[in-house]
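Working notes, beginning with the structure itself.
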Amino acid sequence: MDKRWQRVFTLLSEMYPDARCELNYETPFELLIATILSAQCTDQRVNIITPRLFQRFRSPEDYLEVSQDELEDLIRTCGLYRNKARSIIGCCRVLVRDFQGVVPRDLVSLESLPGVGRKTAAVVASNAFGVPALAVDTHVFRVARRIGLARGDTPEKVEAEVCAIYPREQWIELHHILIWHGRRLCHARKPDCEQCPLAADCDQAISGSAREVSV
DNA sequence: ATCCCGAGGG
DNA sequence: CCCTCTGGAT
């Protein structure tokens, strides 16, 4: 691997030594539900409601016993509650019908579940099962492009580029440190380039303070 | 007011 | 490809 990209990885790892999935979960199934809930919402907010949710719903079968309306009320504070409730119930239906109620470990099967797309599948596969996967969500996309790690204009292209640069064993950690960087410093609107160890190498580094940045 | 760690549908 | 769906944070 290119020295520069090795250095980027090292710098970010040192900066965010405990970057990890911030969702609280005990089982792959809980992670699947939590990840579905996390769309357009902070992990902290998901973590507020999941203890009670997981206490009441322990298996995919349990979610088939509840009405969508009631489930919507239970998850309302996470936003997009209609979609998410539908996704969770649909997902559990398929898990029960086609997967013996067990969350599959591979990306293809995970993505076949209703309400589970590329990002959710990658998050579950990598965090719950250690499957090398890099979910190019908006943070990863933005950060990877800003620091010149990838040039592609779609998440798919960026994913391919990044996966080509870094060895599989680093994908999961890379995913987490890019996300943390995106959340802590490399914000969509006002990135804090003053604090960023990557600014020297970054095409879009802002020297001043509050200017806006594209991508 | 505006944006967000997404997915499905038109 | 573009739209919609949501509450919450800023």
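The figures that follow rest on heavy atoms only: side chains count, while hydrogens, waters and symmetry mates do not.
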Round to a whole Å and report the spacing from CZ of Arg142(A) to P of dC4(B). 7 Å
Gap in Å between the two P atoms, one belonging to dC1(C) and one to dC5(B), rounded: 22 Å
Side-chain heavy-atom pair Arg146(A), His181(A) within 4.5 angstrom cut-off: no
In whole angstrom, give the distance that lies between atom CG of Asp43(A) and atom P of dC4(B). 16 Å
Between CG of Leu110(A) and CZ of Arg118(A), what distance do you get to the nearest 0.5 Å? 12.0 Å
Measure CD/Glu72(A) against P/dG7(C) and give the value in whole Å, please. 11 Å
Between atom CG in Leu37(A) and atom P in dG7(C), what is the gap in whole Å? 15 Å
For dC5(C), take OP1 and OP2 only and decide whether either is under 4.0 Å from a side-chain N or O of Arg86(A). no
Between Ile172(A) (CD1) and dC5(B) (P), how many Å, whole number? 21 Å
Take the protein atom NE2 of His187(A) and the nucleotide atom P of dC4(B), then report the distance between them rounded to whole Å. 11 Å
Nearest-nucleotide 5' precedence on DNA chain B, Val116(A) against Arg20(A): Arg20(A)
Separation between the P atoms of dC3(B) and dC3(C), rounded to whole Å: 14 Å
Heavy atoms of Ser87(A) and Gly115(A) approach each other most closely as OG-CA, 3.4 Å
To the nearest Å, how far apart are Lys190(A) NZ and dA9(C) C1'? 14 Å
I want to check something: taking the side chain as every heavy atom from C-beta on, are Ile49(A) and Leu74(A) in contact at a cut-off of under 4.5 Å? no
Drop me the distance from Ile177(A)'s CD1 to Thr10(A)'s OG1, to the nearest 0.5 angstrom. 8.5 Å
Between Gln44(A) (CD) and dC5(B) (P), how many Å, whole number? 11 Å
When you measure from the side chain of Gln40(A), which nucleotide among dA9(C), dC5(B), dC4(B) comes out closest? dC4(B)
Looking at dC5(B), dG6(B), dG8(C), which one has an atom nearest to any side-chain atom of Ala39(A)? dG6(B)
The side chain of Lys119(A) is closest to which nucleotide in this list: dG8(C), dA7(B), dC5(B)? dA7(B)
Which parts of residues 76-84 of chain A get close to DNA chain C, meaning a heavy atom less than 4.0 angstrom away? Arg76(A), Thr77(A), Gly79(A), Leu80(A), Tyr81(A), Arg82(A), Asn83(A)
Taking only the P atom of each, what is the distance from dG10(B) to dT6(C) in whole angstrom? 16 Å
Atom of Val162(A), atom of Leu134(A) and distance for their closest heavy-atom approach: CG1-CD1, 3.7 Å
Heavy-atom pair with the smallest gap, counting every atom of Thr50(A) and Asn24(A): OG1-O, 4.4 Å
Check whether any side-chain nitrogen or oxygen of Ser87(A) sits under 4.0 Å from OP1 or OP2 of dG8(B), and answer yes or no. no
Nearest-nucleotide comparison on DNA chain B, the residue closer to the 5′ end among Trp180(A) and Pro114(A): Trp180(A)
Side chain to side chain, Val103(A) and Val124(A), heavy atoms closer than 4.5 Å: yes
